[in-house]
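See structure below.
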Amino acid sequence: MIAIYKRDLKGFFTGMMGYVLLAFFLAVGGLYFTVMNLMSGYPDLSYTLYNNLFVLLVLVPLLTMRSFAEERRARTDQLLLTSPVPLWRIVLGKYLAVLSVFGMAVLVFALYPLIMSRGGAVSYRQSYAALLAFFLLGAACIAIGVFLSSLNENQIVAAACSFFVLLLAYLMPSIQTLFTVGSALAMGVFLVLAVLGAAYAGWHSRSWGLGLGVFTVCCAAILVLFWLRSAALTSAFSSLLGALCLFSPFEKFVSGLFSLSAVVYYLSVTALFLFFTCQTLEKRRWN
């Protein structure tokens with residue numbers, strides 16, 4: 001794991017990619033810090049970090065696109081898959097390399113409250129709590145990007161998929177408001193999910209008859225539930241969409257609250273997508 005970590009971390013800085021991405025991230029963060037904290041006088045760092053959330057939509061896909069996609073393109077992934085190293089160590093080594101690059105920028109942000117203290121009182125607790133949440137949010141986004149990179153062998157496609165998924169998570173609070181009680185749009189989404197579930201069942205079992213059966217059963221269940229318990233069904237789906245609002249828990253830290261549930265949520269998302277990445281590689285190893 002250490003060898004993979006060192007190789008991938010070094011790879012970011014053998015070319016210009018790592019330097020350019022860090023310079024871009026720090027430049028945007030420094031601009032918001034200057035405007036909001038130094039010029040406007042906000043006593044904590046949370047608003048600056050909140051305005052930097054959109055940068056993650058660009059930064060994370062570019063950081064993670066090479067993780068496994070480049071290995072597949074160069075056919076060096078076969079060496080990893082046939083090595084005696086457990087897959088979770090391979091995934092963790094690559095993940096920590098990307099996280100370290102992101103952590104370098106976060107460490108620079110950690111100096112900002114100290115700079116602010118020279119001009120007046122600073123809320124250290126709120127600033128560093130928000131910085132911790134920002135780091136955990138970035139860690140969760142990176143785990144998603146690494147997983148999507150493991151599904152592709154083209155870096156551009158991997159970056160595009162990561163950007164789309166993170167953008168969807170960023171816009172999820174607005175999307176959630178579309179699903180009202182009795183909404184036909186909600187029913188349409190349920191049917192689309194039924195199609196996707198049936199397609200996956202048919203592809204995974206190599207039996208399209210089974211996929212058709214799954215689709216029929218799902219459609220019948222959706223129609224019955226929508227007819228009898230429309231309010232409960234759309235409310236449950238709205239709650240599910242709320243769980244996909246990856247960026248929303250960070251808002252609690254902006255409000256000055258330390259949310260333990262948000263910390264657990266980000267750690268859970270990180271662990272879940274790293275597990276998905278291991279399972280993807282495990283399937284490819286046996287195939």
Side-chain angles (χ1 to χ4, degrees), residues 22 25-26 28-60 63 92 95-96 98-146 165-177 238-275:
L22 281 178
F25 193 30
L26 292 175
V28 175
L31 178 62
Y32 277 110
F33 170 68
T34 301
V35 173
M36 303 195 68
N37 296 111
L38 298 184
M39 297 179 63
S40 299
Y42 283 104
D44 64 81
L45 200 62
S46 58
Y47 288 100
T48 298
L49 296 174
Y50 182 76
N51 283 279
N52 272 276
L53 291 182
F54 77 95
V55 183
L56 296 179
L57 304 181
V58 179
L59 180 72
V60 170
L63 283 176
L92 196 59
Y95 171 75
L96 290 178
V98 182
L99 187 63
S100 296
V101 178
F102 176 71
M104 293 176 188
V106 175
L107 286 176
V108 175
F109 288 163
L111 300 176
Y112 289 168
L114 302 178
I115 298 174
M116 293 161 54
S117 65
R118 300 179 63 86
V122 177
S123 178
Y124 288 107
R125 183 171 60 180
Q126 185 172 345
S127 295
Y128 286 111
L131 192 63
L132 172 64
F134 185 77
F135 177 75
L136 294 177
L137 171 59
C141 293
I142 289 171
I144 295 173
V146 169
V165 170
L166 294 179
L167 179 63
L168 193 64
Y170 187 78
L171 298 176
M172 191 58 68
S174 299
I175 297 174
Q176 186 180 6
T177 60
S238 180
S239 300
L240 176 62
L241 291 180
L244 301 179
C245 297
L246 186 65
F247 293 83
S248 295
F250 184 77
E251 296 176 359
K252 297 179 181 179
F253 291 86
V254 179
S255 302
L257 302 175
F258 184 88
S259 174
L260 183 60
S261 62
V263 173
V264 174
Y265 172 74
Y266 287 136
L267 293 176
S268 300
V269 171
T270 301
L272 181 64
F273 278 94
L274 291 180
F275 172 75

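FYI, the numbering just counts along the sequence from 1. Because the structure is predicted, anything quoted here is derived from the model rather than measured.
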Determine whether Y124 and D44 satisfy the following criterion, side chain to side chain contact (heavy atoms under 4.5 Å, CB included), listing intermediate values before the conclusion.
CA-CA 7 Å; Y124 288 107; D44 64 81; over 6 Å; no
How are the rings of Y50 and F250 set relative to one another: parallel (under 30°), tilted (30 to 60°) or perpendicular (over 60°)?
parallel
If I compare all heavy atoms of F253 with all of A262, which pair ends up nearest, and what's the gap?
CE1-CB, 3.8 Å
Close side-chain approach of V60 to F102, heavy-atom, < 4.5 Å:
no
Side-chain donor/acceptor of N37 to backbone N/O of P43, under 3.5 Å:
no
Assess the residue pair L99 and F135 against the criterion (side chain to side chain contact (heavy atoms under 4.5 Å, CB included)); give the C-alpha distance rounded to whole Å, side-chain angles, the decisive distance to 0.1 Å, and a yes or no.
CA-CA 9 Å; L99 187 63; F135 177 75; 3.9 Å; yes
Quick check: do L272 and S268 have side-chain heavy atoms less than 4.5 Å from each other?
no
Nearest-0.5 Å distance, OH of residue Y265 to OG1 of residue T270
10.0 Å
What's the spacing between L63 CG and L56 CG if we round to 0.5 Å?
9.5 Å
In Å and rounded to the nearest 0.5 Å, what is the OG1 to CE distance from T34 to M39?
8.0 Å
Applying the side chain to side chain contact (heavy atoms under 4.5 Å, CB included) test to T48, which of F33, F134, Y42 qualifies?
F33
Between S46 and Q126, what is the shortest heavy-atom contact and its length?
OG-NE2, 3.6 Å
Drop me the distance from L246's CG to M172's CE, to the nearest 0.5 angstrom.
10.0 Å
Rounded distance [0.5 Å steps], CG in L57 versus CG in L167
6.0 Å
dist F273:CZ -> I142:CD1 (nearest 0.5 Å) comes out at 14.0 Å
When the ring centroid of Y112 is compared with that of F109, is the distance short of 6.0 Å?
yes
Can any side-chain N or O of Y128 pair as donor or acceptor with the backbone N or O of A110 at less than 3.5 Å?
yes
What do you reckon, is CZ of F258 surrounded by more than 12 foreign heavy atoms closer than 6.0 Å?
yes
Quick one: does L137's side chain get under 4.5 Å of L53's, heavy atoms only?
yes
Give the ring-plane orientation class for Y170 versus F247, where under 30° counts as parallel, over 60° as perpendicular and anything between as tilted.
perpendicular
With side chain to side chain contact (heavy atoms under 4.5 Å, CB included) as the test, would you mind laying out the steps for L131 and S127 before giving the verdict?
CA-CA 6 Å; L131 192 63; S127 295; over 6 Å; no
